[in-house]
2 protein chains.
Amino acid sequence: MIRITRLTDYGIVLLSRFAGAEQGAVLSARELSSETGVPLPTTSKILKTLTRAGLLTSHRGTQGGYSLARPPEEVTVSDVIGALEGPIALTDCSGEADGTCDIELTCPVRTNWQRITDAIREALEAIPLTEMTVSFPFHAGTDGDPDPAVAPATPGRPTTGAALGGGGEA
Amino acid sequence: MIRITRLTDYGIVLLSRFAGAEQGAVLSARELSSETGVPLPTTSKILKTLTRAGLLTSHRGTQGGYSLARPPEEVTVSDVIGALEGPIALTDCSGEADGTCDIELTCPVRTNWQRITDAIREALEAIPLTEMTVSFPFHAGTDGDPDPAVAPATPGRPTTGAALGGGGEA
DNA sequence: CCTATACAGGACCATACAGGTTCTGTATTG
DNA sequence: CAATACAGAACCTGTATGGTCCTGTATAGG
């Protein structure tokens with residue numbers, strides 16, 4: 001339902017941990033797992049994938065672990081999604097693959113999906129990791145108040161919302 | 001991978017058929033199926049769901065079929081997605097459901113996902129059915145040229161792209 | 001030199017869900 | 001009364017996400 005996979009979600013959480021630590025810090029899979037609550041094997045899998053994608057650098061041996069390959073400001077949400085689940089495409093036909101869709105020839109809405117997809121892609125590319133790290137105070141989770149933590153938050157950087165919403169707020 | 005389901009894709013194609021026909025036209029599942037290439041049972045299933053969601057009105061008996069419940073300008077892409085696959089939510093925690101995510105309490109990026117999701121939601125709400133109907137000329141599909149039909153299109157209404165991209169284009 | 005640590009890279013399994021079909025029922029037209 | 005067409009539910013199946021495990025290999029430290 002227009003959703004990212006949980007692996008990606010976890011991936012961003014893990015990476016934001018690096019963004020929160022000091023520049024160049026080396027964190028092991030074990031540490032990250034216990035700190036975030038993500039199961040160790042899964043954590044390991046995600047970190048390995050991110051390393052292969054060039055977002056992290058690995059260090060073997062005792063005292064080994066992972067460190068960011070680039071400064072956190074240069075890693076975007078789009079990068080993480082791309083690394084963990086391939087290129088962003090809302091529909092089969094909005095990616096680079098042609099001919100995947102049966103009705104491609106008679107489809108009147110194809111081009112529009114591509115435009116929408118491109119727009120979302122660009123928007124996600126505009127959100128760096130540092131932007132996701134901003135910790136708002138949030139309620140205890142007993143689903144008491146739906147909004148309070150969401151809407152009024154926006155301390156000083158509405159960048160994230162602005163990138164997508166534009167003047168919208170419709 | 002941030003994608004909508006094929007059912008939703010088909011749903012929009014089917015609905016755009018109504019938008020193309022004259023106001024209040026009654027089209028049967030059989031007609032729509034043969035015109036769009038979407039298998040009949042699937043077409044039927046989608047139309048039934050859309051009817052239940054209040055987007056279409058059904059007419060039984062001989063000469064029966066479906067007609068739009070609202071003028072096409074008032075039906076948005078977001079409506080269709082909502083009808084066919086529930087509320088838009090990139091992550092478990094960006095919807096209304098709380099407690100679905102194991103690491104919710106320690107998750108530093110939750111609020112941000114909600115902002116991003118809201119933004120995408122609003123963007124999709126801004127795209128009416130009539131906007132998707134605009135038929136661009138497109139190539140024959142033998143995956144010869146990847147772009148030509150895509151980029152230069154944009155005849156006179158960049159509304160779709162503008163709604164999301166804002167001033168970005170980053 | 002030897003051992004423990006920690007990443008590398010697979011293979012592997014299980015559950016869930018999307019995609020699609022079929023069947024029975026009901027209403028409307030002629 | 002018969003044919004058409006929607007209503008709705010049950011059902012099947014292929015795929016892929018989410019997650020585990022196992023075998024290597026490199027590094028640090030005793």
Side-chain angles (χ1 to χ4, degrees), chain A residues 1-11 13-14 25-34 36-69 81 83-86 89-92 100-103, chain B residues 1-11 13-14 25-34 36-69 81 83-86 89-92 100-103:
Chain A
M1 341 156 181
I2 302 214
R3 51 168 48 249
I4 59 171
T5 66
R6 199 184 301 183
L7 257 341
T8 305
D9 193 3
Y10 286 169
V13 172
L14 293 173
V26 173
L27 306 175
S28 71
R30 182 188 302 273
E31 288 175 78
L32 288 166
S33 171
S34 67
T36 59
V38 178
L40 178 57
T42 302
T43 301
S44 189
K45 185 178 189 171
I46 295 172
L47 294 174
K48 279 184 279 190
T49 304
L50 291 175
T51 302
R52 229 171 304 161
L55 296 182
L56 290 175
T57 302
S58 66
H59 307 275
R60 293 186 164 194
T62 314
Q63 301 299 327
Y66 297 88
S67 58
L68 279 182
I81 294 177
L84 291 170
E85 42 185 294
L90 281 183
T91 60
D92 288 328
T100 330
C101 175
D102 315 351
I103 68 171
Chain B
M1 338 154 182
I2 302 215
R3 52 168 46 248
I4 59 171
T5 66
R6 199 185 302 183
L7 257 342
T8 304
D9 194 3
Y10 286 171
V13 172
L14 292 174
V26 174
L27 305 175
S28 72
R30 182 189 301 273
E31 288 176 77
L32 288 166
S33 171
S34 67
T36 59
V38 178
L40 179 56
T42 302
T43 301
S44 190
K45 184 178 188 172
I46 296 172
L47 294 175
K48 279 183 278 190
T49 304
L50 292 175
T51 301
R52 229 171 306 162
L55 296 182
L56 289 175
T57 302
S58 66
H59 306 275
R60 293 186 164 193
T62 314
Q63 300 299 328
Y66 298 88
S67 58
L68 279 182
I81 294 176
L84 291 170
E85 44 185 293
L90 281 183
T91 60
D92 287 328
T100 330
C101 175
D102 315 351
I103 67 171

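Remember, it's a predicted structure, so these values are computed and weren't measured experimentally.
- When the C1' atom of D:dC6 is taken as reference, atom CD of B:Gln63 falls 14 Å away, rounded to whole Å.
- For D:dC6, the OP1/OP2 oxygens have no side-chain nitrogen or oxygen of B:Arg30 closer than 4.0 Å.
- With contacts defined as side-chain heavy-atom distances shorter than 4.5 Å, the pair B:Leu56/B:Leu68 qualifies.
- Rounded to an integer number of Å, the gap from CZ of A:Arg6 to C1' of D:dA16 is 14 Å.
- For B:Ser28, no side-chain nitrogen or oxygen approaches OP1 or OP2 of D:dT4 to under 4.0 Å.
- Rounded to whole Å, the distance from CZ on A:Arg60 to P on C:dA4 is 19 Å.
- For the pair A:Leu40 CG and D:dG19 P, the computed distance is 13 Å after rounding to whole Å.
- Nucleotide C:dC17 holds its P atom 17 Å from the CZ atom of B:Arg3, rounded to whole Å.
- Atoms CD1 (A:Ile46) and C1' (C:dG9) sit 16 Å apart, rounded to a whole Å.
- For CD of B:Glu31, the number of neighbouring non-hydrogen atoms (other residues, nucleotides, ligands) closer than 6.0 Å is greater than 12.
- The listed nucleotides are C:dT22, D:dA26, D:dG18; the one nearest the side chain of B:Pro41 is C:dT22.
- Checked against D:dC6, C:dA4, C:dG19, the side chain of A:Thr62 finds its nearest nucleotide in C:dA4.
- Applying the 4.0 Å criterion to OP1 and OP2 of C:dA18, one finds that B:Tyr10 has every side-chain N and O outside that range.
- Listed pair B:Thr42 / C:dT21 meets the phosphate criterion, a side-chain N or O lying under 4.0 Å from OP1 or OP2.
- Distances were taken from every side-chain heavy atom of B:Lys48 (C-beta onward) to each of D:dG8, C:dG20, C:dT21; the shortest belongs to D:dG8.
- The shortest non-hydrogen separation linking B:Ala69 to B:Gly54 is CB-O, 3.4 Å.
- A donor-acceptor pair under 3.5 Å links the side-chain atoms of B:Thr51 to the main chain of B:Leu47, judged by distance alone.
- For A:Lys45, whose side chain is taken as the heavy atoms from C-beta onward, the closest listed nucleotide among C:dC7, C:dT21, D:dT20 is D:dT20.
- Side-chain nitrogen and oxygen atoms of B:Thr5 include none within less than 4.0 Å of the OP1 or OP2 phosphate oxygen of C:dC17.
- The shortest heavy-atom contact between B:Leu40 and B:Ser33 is N-OG, 3.2 Å.
- The nearest whole Å value for the distance from the CG atom in B:Leu50 to the P atom in D:dC6 is 13 Å.
- Here the side chain of B:Arg52 is nearest to one of D:dG8, D:dC6, C:dT21, namely D:dG8.
- Place B:Thr8 and A:Gly64 on DNA chain C by their nearest nucleotides, and A:Gly64 ends up nearer the 5' end.
- The interatomic distance linking A:Leu84 (CG) with D:dA16 (C1') rounds to 15 Å, in whole Å.
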